[in-house]
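What follows is one structure encoded as C-alpha cells, with my remarks underneath.
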There are 2 protein chains.
Amino acid sequence: MTEAGSTETTRARRSDATRAAILTAARERFAAEGYERATIRAIAADARIDPSMVMRYYGNKEKLFAAAAEFDLRLPDLTEVPRAEVGARLTGHLVDRWEHDDTLMALLRAAVTNQAAAERMRVLFATQLGPTVAALVEDPAEAPERAGLVATQALGFALTRYVLCLPSVVALDRAAVVAWLGPTLQRYLTGEQGE
Amino acid sequence: MTEAGSTETTRARRSDATRAAILTAARERFAAEGYERATIRAIAADARIDPSMVMRYYGNKEKLFAAAAEFDLRLPDLTEVPRAEVGARLTGHLVDRWEHDDTLMALLRAAVTNQAAAERMRVLFATQLGPTVAALVEDPAEAPERAGLVATQALGFALTRYVLCLPSVVALDRAAVVAWLGPTLQRYLTGEQGE
DNA sequence: TCGACATGTCAACACGTGTTGGCCTACAGT
DNA sequence: ACTGTAGGCCAACACGTGTTGACATGTCGA
C-alpha cells in the first residue's frame, strides 16, 4: 500500500489507492445498473469513502463516468492471421475481452440512455474496430460498412448474453459461440452480400 | 372523438381518448429516453393532462410501462416460405416492424436498465420468436439455441442502428440489410455450426 | 332540477439525487 | 516542535422524482 518511489516526474500521491477504489466501484456500478441508476452515493459506499470525495477527485458524475469508461478493445493484428480464420479469431478475442472486464458492459449499459456514453461508443468503434477492419479489406470504401456489420453482431451478442441474459444465449459455451458467430464475422469481414 | 357504440359488454368511456394519449406519449418517451429518464410529468405534459391522471388510470409508473410495452412481433408463418428464403424474409419483416413502431424501441431501451423490462423481453422472445423458430427446425432440441442466435443478430442490429446510431449501420438501406443479415439468420435458422 | 359519478386540476408530501462548503485529522517539510 | 496542506467526513442545499389527497368541473340518468 505504501507507494515508495517515482519522485521524478509525478509524485505518487497518498490518495492514489482511493482514486483507484472509486474507479473500480464506479465501473462495477455503471456496468450493473447503467448511468442513471448508478448513484454517486452507492459508488462511494462501495469504495468505503464519502460521496464528496468522488466529487473532489473527479469533478462530477459525467467526468467520473468518462474516467471509468476508458476502454481499449486490445484488438489483435488480424493481418497476421490466416485470412480464413479472422472471423473465428476476432470472435474468440471479443468473448474473452467481455468476460473479464466490466468496462465495456458499463459503456454498453450507459450508452443506451446517455448521449455522451453513446458518443463514446461510436468513437470507440470508429477508432479501434474501424482501422482493424480497414487493414483487412481490399477496397477501403467498404471498410466502414463491414465494421458496422461486425459491431451489429458483436454488440448484439453482448447485449443478449450479458445484459438481457436470454437463457439460450447464456447457455452457449465459448466453443459454440466461436463456431456460430465466427463464420458470421468472417463473412462480414471478407465475404460478399447475399451469401 | 365521440365514442358512439358498444353498449353491450364494456361501455365506451369518455376517458378512452385520454388513456390512449397517455399510452402514446408513454411509448414515445420510454422509447426515446429509457425507463428512468422518461418521467411521468413529461409523459403527462405530452398528453396535455395532469400527472395525477396517469396515476389514476395506470396505478404507477411500472404498470404504465407494462401497458405501453405490450408488443406483438407479428412474425409471419415461415413454414409457408421457401426454406432457402426464410432468413431474408425474417430479416425484412423485422426491419419493417422496427421502423414503424416505437414500442420495441421502448422495450429495448428500458430492458437494459430495468429488470422487469428485461424479463418482458425474455418472455417476448421465448413466446413469439421461439415457436416460430421451432416450427422450422427438425430437431426440437436445437430450437432454443437457434432462436437465441437469431435474437443476437436481430437485437444487435436494432441496438446499433436505432439506439447507438453507429453511422455506418444507419447508412444501410433496406436492401443492404436484407442482403447482409438475411444469410446470417438463414444459417442460424437452417444451417450448421462452423460454416 | 337534482344528485351521483366520472373527469380533471392544484398543491403538497416524502424521498433520493448531484453537489457544495465547512470542519476535523494526520502527515511532510522545515 | 510547528505549521501548512492533503486526505477525509459531515451536514446541508436545491432540485426533480413518484405519488397522494383534497377540491373543482362537467356530464348524464332519474
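Residue numbers start from 1 in every chain, and the chains themselves are labelled A, B, ... in the order their sequence lines are given, proteins ahead of strands.
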Those residues of residues 48-55 of chain B lying under 4.0 Å from DNA chain C by at least one heavy atom: B/Ile49, B/Asp50, B/Ser52, B/Met53
So, OP1 or OP2 of C/dT7: does either fall under 4.0 Å of a side-chain N or O from B/Ser15? yes
In chain order, what residues pass the salt bridge (Lys or Arg N to Asp or Glu O under 4.0 Å) check against A/Arg37, with sequence neighbours excluded? B/Glu36
With A/Ala117, which residues qualify under side-chain contact (heavy atoms from CB on, under 4.5 Å), at least two apart? A/Phe65, A/Ala110, A/Ala111, A/Asn114
B/Arg19: side-chain hydrogen bond (donor to acceptor under 3.5 Å, both in side chains) partners, not counting sequence neighbours: B/Ser15
Interface with DNA chain C, restricted to residues 105-115 of chain A and to heavy atoms under 4.0 Å: none
Can you measure A/Tyr57 atom OH to C/dT19 atom C1' for me and round it to whole angstrom units? 17 Å
How would you list, by chain and number, every residue that makes a side-chain hydrogen bond (donor to acceptor under 3.5 Å, both in side chains) with B/Asn60, sequence neighbours excluded? none
Sorted by chain and residue number, the side-chain hydrogen bond (donor to acceptor under 3.5 Å, both in side chains) partners of B/Ser168 (sequence neighbours excluded) come out as none
Please identify each residue that fulfils side-chain contact (heavy atoms from CB on, under 4.5 Å) with A/Ala66, with sequence neighbours left out. A/Arg120
Solution key, residues 89-97 of chain B side-chain donor-acceptor pairs under 3.5 Å, sequence neighbours excluded:
from: B/Thr91; atom 1: OG1; to: B/Gly87; atom 2: O; distance (Å): 2.8
from: B/His93; atom 1: NE2; to: B/Leu73; atom 2: O; distance (Å): 3.0
from: B/His93; atom 1: NE2; to: B/Arg74; atom 2: O; distance (Å): 2.8
from: B/Asp96; atom 1: OD1; to: B/Arg174; atom 2: NH1; distance (Å): 2.6
from: B/Asp96; atom 1: OD2; to: B/Arg174; atom 2: NH1; distance (Å): 2.7
from: B/Arg97; atom 1: NE; to: B/Asp72; atom 2: O; distance (Å): 3.3
from: B/Arg97; atom 1: NE; to: B/Leu73; atom 2: O; distance (Å): 3.2
from: B/Arg97; atom 1: NH2; to: B/Asp72; atom 2: O; distance (Å): 2.8

Between CZ of B/Arg19 and P of C/dA6 the distance, given in whole Å, is 11 Å
Across all chains, not counting sequence neighbours, the side-chain contact (heavy atoms from CB on, under 4.5 Å) partners of B/Ala158 are B/Trp98, B/Leu108, B/Tyr162
Aromatic ring pairing B/Tyr35/B/Phe30, orientation class (parallel under 30°, perpendicular over 60°, tilted between): parallel
Atom NZ of A/Lys63 and atom P of C/dG18 are separated, to the nearest Å, by 16 Å
Nearest-Å distance for atom pair NZ/P, residues B/Lys61 and D/dT19: 8 Å
Side chain to side chain donor-acceptor pair (under 3.5 Å), paired with A/Arg29, selected from A/Thr24, A/Thr39, A/Asp46: A/Asp46
Heavy atom of residues 29-44 of chain B under 4.0 Å from DNA chain D: which residues? B/Ala38, B/Thr39, B/Ile40, B/Arg41
Return the set of residues passing side-chain hydrogen bond (donor to acceptor under 3.5 Å, both in side chains) with B/Asp77 (not counting sequence neighbours), or none when no residue passes. B/Thr79
Spacing of B/Glu62 atom CD relative to D/dT19 atom C1', expressed in whole Å: 14 Å
